[in-house]
Visitor: 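Can you read through this structure? Questions will come right after.
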Amino acid sequence: PTPRWTAKNTVVVPRWTNASLPTLSVDEDLALKMTGSVERQRRRGRVGEAMIVVDSPLPPSEIWASLNDVESWSRLMRGVRSSAVRERRRRRVRAAFHVTKLRLPANIVLEAPGPLDDTNTGALPFYLDTSCTNIAVDSLDGFWYVEPSPADGAVTRVWLCASVGACAIVPDVAVDYVAKKGLRRATEWLAADGRRP
């Protein structure tokens, strides 16, 4: 599977440059400057697509280290109830998670790219691990993207974009919950000053 995010009918190719990111509307850009975060969700049936962008006071290296420490995601991200690495091979990490208060299982592959580049920019794409049984999720892909904020170089901009397709056994209320709150809860740790994205 190839990680992808569609925005304005554009497929993001896994080059993961900032030119590949979804385009923020004028209103979204203004909200990001005023509140420090902006989000977008769309649900079609059992598939939810979501994006959150957070301007964080944390340095890029600290954010990047936290994202690459997959075992600690359950302590870092609200909504991730457990996280365990099942396998590390070169730049690929296979991990198992339980998410939401319903402890829904998900197995994902992260394409761990290593350290940030010389511009303090990096991408961490992920997708559903189809080599495992996934009883709650039919499809999943997305990415984390870290960059210095174009609006303020002293701030780190973090993107989290994801598309999740739930299995028929997952209640509609859980699909709504993940679509509306999942990414926000996964990024709350980025607001080191106490703001909630």
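This chain uses plain numbering: 1 for the first residue, then up along the sequence.
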Visitor: Can you name the side-chain hydrogen bond (donor to acceptor under 3.5 Å, both in side chains) partners of S66, sequence neighbours left out?
Guide: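 Not a single residue meets the side-chain hydrogen bond (donor to acceptor under 3.5 Å, both in side chains) criterion with S66.
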
Visitor: Assess whether side chain to side chain contact (heavy atoms under 4.5 Å, CB included) is satisfied between T156 and E62, documenting all intermediate values.
Guide: CA-CA 10 Å; T156 305; E62 184 177 332; over 6 Å; no

Visitor: Search all heavy atoms of A166 against all heavy atoms of D138 and return the closest pair with its distance.
Guide: O-OD2, 3.7 Å

Visitor: Is the shortest side-chain heavy-atom distance between P148 and T119 below 4.5 Å?
Guide: no

Visitor: When hydrophobic residues are tied together by side-chain contacts of less than 4.5 Å, even through go-betweens, does I169 share a cluster with L140?
Guide: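 Yes; tracing contacts between hydrophobic side chains, which count when under 4.5 Å, links both residues.
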
Visitor: Closest heavy-atom contact between R184 and I52?
Guide: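 Here R184 and I52 meet closest at CA-CD1, 3.8 Å.
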
Visitor: Would you indicate whether the side-chain heavy atoms of D129 and R86 approach each other to under 4.5 Å?
Guide: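 Yes, their side chains come closer than 4.5 Å.
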
Visitor: Of the non-hydrogen atoms in E111 and L124, which two are nearest, and what is the gap between them?
Guide: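 Shortest heavy-atom contact: O-CD1, 3.8 Å.
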
Visitor: Would you kindly confirm whether L76 and V80 end up in one hydrophobic cluster when ILVMFWY residues are joined by side chain heavy atoms under 4.5 Å apart?
Guide: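 L76 clusters together with V80.
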
Visitor: Counting N and O atoms only, with roles assigned by atom type, does the side chain of R43 sit under 3.5 Å from a partner on the main chain of G45, one being a donor and the other an acceptor?
Guide: yes

Visitor: Minimum heavy-atom separation for A162 to F126, with atom names?
Guide: CB-CZ, 4.1 Å

Visitor: Counting only N and O atoms by type, is there a donor-acceptor contact under 3.5 Å from the side chain of R46 to the main-chain atoms of C167?
Guide: yes

Visitor: Could you walk me through whether L24 and V38 satisfy the side chain to side chain contact (heavy atoms under 4.5 Å, CB included) test, starting with their C-alpha distance in whole Å, then the side-chain angles of each, then the deciding distance to 0.1 Å, before giving a yes or no?
Guide: CA-CA 9 Å; L24 297 178; V38 68; 4.2 Å; yes

Visitor: Between atom CD1 of I108 and atom CZ of R94, what is the distance when rounded to the nearest 0.5 Å?
Guide: 11.5 Å

Visitor: Determine the minimum heavy-atom distance between Y145 and A123, stating which atoms define it.
Guide: CD1-CB, 3.6 Å

Visitor: Are W189 and L160 linked, directly or through intermediate hydrophobic residues, by side-chain heavy-atom contacts shorter than 4.5 Å (ILVMFWY only)?
Guide: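 In one cluster: yes.
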
Visitor: Just how far is it from atom OG of S149 to atom CG of L32, taken to the nearest 0.5 Å?
Guide: 6.5 Å

Visitor: For the backbone of R75 and the side chain of S72, can you confirm whether one donor and one acceptor N or O come within less than 3.5 Å of each other?
Guide: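 No, because the side chain of S72 does not come within donor-acceptor range (under 3.5 Å) of the backbone of R75.
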
Visitor: State, yes or no, whether a side-chain contact exists between P22 and R40 at a heavy-atom distance under 4.5 Å.
Guide: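 In short, these two side chains touch, coming nearer than 4.5 Å.
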
Visitor: As a quick check of understanding, evaluate side chain to side chain contact (heavy atoms under 4.5 Å, CB included) for V158 and I63, giving each step before the final call.
Guide: CA-CA 9 Å; V158 181; I63 293 170; 3.8 Å; yes

Visitor: Of all the heavy-atom pairs spanning S74 and S82, show the shortest one and how long it is.
Guide: CB-CA, 3.6 Å

Visitor: Linking I/L/V/M/F/W/Y whenever any side-chain heavy atoms sit under 4.5 Å apart, do L67 and V85 land together?
Guide: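 Linked, L67 and V85 end up in one cluster.
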
Visitor: Is the shortest side-chain heavy-atom distance between T187 and W144 below 4.5 Å?
Guide: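 In contact.
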
Visitor: Side chains of F97 and V70: closer than 4.5 Å at any heavy-atom pair?
Guide: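 Yes. Closest side-chain heavy atoms under 4.5 Å.
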
Visitor: What is the distance from atom CG of N107 to atom OH of Y127, rounded to the nearest 0.5 Å?
Guide: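 Rounded to the nearest 0.5 Å, the CG-OH separation comes out at 13.0 Å.
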
Visitor: Is there a donor-acceptor contact under 3.5 Å from the side chain of T121 to the main chain of E147?
Guide: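 Checking the backbone N and O of E147 against the side chain of T121, no donor-acceptor pair under 3.5 Å is found.
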
Visitor: I'd like to know if the side chain of D69 reaches the main chain of A65, judged simply by a donor and an acceptor atom lying under 3.5 Å from each other, with no hydrogens or angles considered.
Guide: no

